[in-house]
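Counting convention: from 1, in listed order, for ligands and their atoms alike.
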Amino acid sequence: MPLRVRVCTVADVAAGELRAFRVHGVTWPVIVTIVDGAFVAVPGVCPHEDVALWEGDLDGGEIVCPGHGWGFDVRTGRCKSAPGLELRRYAITLVGDEIWVDLL
Ligand code: FES
């Protein structure tokens, strides 16, 4: 059974923008955005080092980390600069106008 938490509403999210939402009991906020017309949710921390990803830029479908400038494709989680490194993607469930994500 997944650990599913409510993160935000559909109205809180905008295409092309990184928005981060605090979730009770979770250290780093969850980033939710819209890429290619689909909601995407990822952790708010870079998988390389502990850097706030929401302070980076969203360039097309890539989050560019403010730490070292590496890009993470939110559609796949892949990083071209470090192929072994992957940004986790959370499964999303829409409940009415609420966005819930599976943290585990
Ligand atoms: S801390 Fe994000 S790429 Fe290095």
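Between Asp102 and Tyr90 the shortest side-chain heavy-atom distance does not fall below 4.5 Å.
No more than 12 heavy atoms of other residues, nucleotides or ligands shown are found within 6.0 angstrom of CZ on Arg78.
Within the listing of ligand 1, atoms 1 (S) sit less than 4.0 angstrom from a heavy atom of Glu49. Residue contact check: Trp70 has heavy atoms under 4.0 Å from atoms 3 (S) of ligand 1.
Salt-bridge check for Asp36 with Arg75: passed, with a basic side-chain N closer than 4.0 Å to an acidic carboxylate O.
With atom 2 (Fe) of ligand 1 as the vertex, SG (Cys46) and SG (Cys65) define an angle of 110°, rounded to 10°.
Nearest N/O/S atom of His48 with respect to atom 4 (Fe) of ligand 1 is recorded as ND1. Looking only at N/O/S atoms, His68 comes nearest to atom 4 (Fe) of ligand 1 through ND1.
Scanning both residues, Val101 and Ala41, for their nearest heavy atoms gives CG1-CB, 3.6 Å. Here the shortest heavy-atom pairing between Thr33 and Gly16 reads OG1-N, 3.9 Å.
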